[in-house]
S.K.: 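To start, I am sharing the structure in question, which I have written as structure tokens.
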Amino acid sequence: MAKIQFSRGIDEPVVPEVKLTRSRSGDSGTATFTFENPQAFSENSTEEITGMYMIDEEGEIITREVKGKFVNGRPEAVEAVYLMKSVEEWDRFMRFMNRYAEENDLGLSKS
């Protein structure tokens, strides 16, 4: 089961918009996740956001580059960026995303 967490042990039910970019050489890339009104920001949440954890049967992919977006002082979105610095990291990320997309009915559109 592929899932995303902001605090260990607490799954984030909100499905993000994900934007991918890859270098021309193919040896690096960036994934930018945008979660609109995530559960991690709910009034009931008492857990601290410690990073973004992408978890599946192969293990865990972690990024600490997580930012909150606030409008008029109220939390509205979370943006997380995952940098891939090798073909192996790209391939591992894509395997996770394929599993996550399958479970959450996500599609791919190229710009």
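The shown structure was predicted, so the numbers you read here are calculated from the model rather than taken from an experiment.
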S.K.: Any Lys/Arg nitrogen of R99 or E58 sitting under 4.0 Å from an Asp/Glu carboxylate oxygen of the other?
M.R.: yes

S.K.: Output the distance between atom CD1 (I61) and atom CE (M97), rounded to the nearest 0.5 Å.
M.R.: 9.5 Å

S.K.: Could you tell me which residues satisfy side-chain contact (heavy atoms from CB on, under 4.5 Å) with N98, sequence neighbours excluded, listed by chain and number?
M.R.: none

S.K.: So, T63 side chain and V81 main chain: donor-acceptor pair closer than 3.5 Å or not?
M.R.: yes

S.K.: Please give me the minimum heavy-atom distance between P16 and I4, naming the atom from each residue.
M.R.: CG-CD1, 4.4 Å

S.K.: Angle class for the F6/F35 ring planes (parallel below 30°, perpendicular above 60°, tilted otherwise)?
M.R.: perpendicular

S.K.: List the steps and the verdict of side chain to side chain contact (heavy atoms under 4.5 Å, CB included) for E60 and R8.
M.R.: CA-CA 11 Å; E60 194 174 68; R8 290 197 184 276; 2.7 Å; yes

S.K.: Hey, any chance F93 and V66 share a hydrophobic cluster, counting ILVMFWY side chains that come within less than 4.5 Å of each other, even indirectly?
M.R.: yes

S.K.: Do other residues, nucleotides or ligands put more than 12 heavy atoms under 6.0 Å from the CD atom of E102?
M.R.: no

S.K.: Can you name the nearest heavy-atom pair linking A2 to F96, along with the distance?
M.R.: CB-CE1, 3.9 Å

S.K.: List the residues meeting side-chain contact (heavy atoms from CB on, under 4.5 Å) with E89, not counting sequence neighbours, and say none if there are none.
M.R.: Y82, M84, K85, S86

S.K.: Under the side-chain contact (heavy atoms from CB on, under 4.5 Å) test, which residues partner A77, sequence neighbours left out?
M.R.: E36, K69

S.K.: Regarding K19 and E17, does a basic nitrogen lie under 4.0 Å from an acidic carboxylate oxygen?
M.R.: yes

S.K.: Are any non-hydrogen side-chain atoms of K67 and V78 less than 4.5 angstrom apart?
M.R.: no

S.K.: Ring centroids only, cut at 6.0 angstrom: are F70 and F41 within range, meaning strictly under it?
M.R.: yes

S.K.: Roughly how far, to the nearest 0.5 Å, is CD of E12 from CE of M54?
M.R.: 13.5 Å

S.K.: How close do W90 and R22 get, counting heavy atoms only, and between which atoms?
M.R.: NE1-NH1, 3.0 Å

S.K.: By the definition side-chain contact (heavy atoms from CB on, under 4.5 Å), identify the one residue from T50, I62, I49, I55 that meets it with Q5.
M.R.: I55

S.K.: Shared ILVMFWY cluster between L20 and M52, side chains joined below 4.5 angstrom?
M.R.: yes

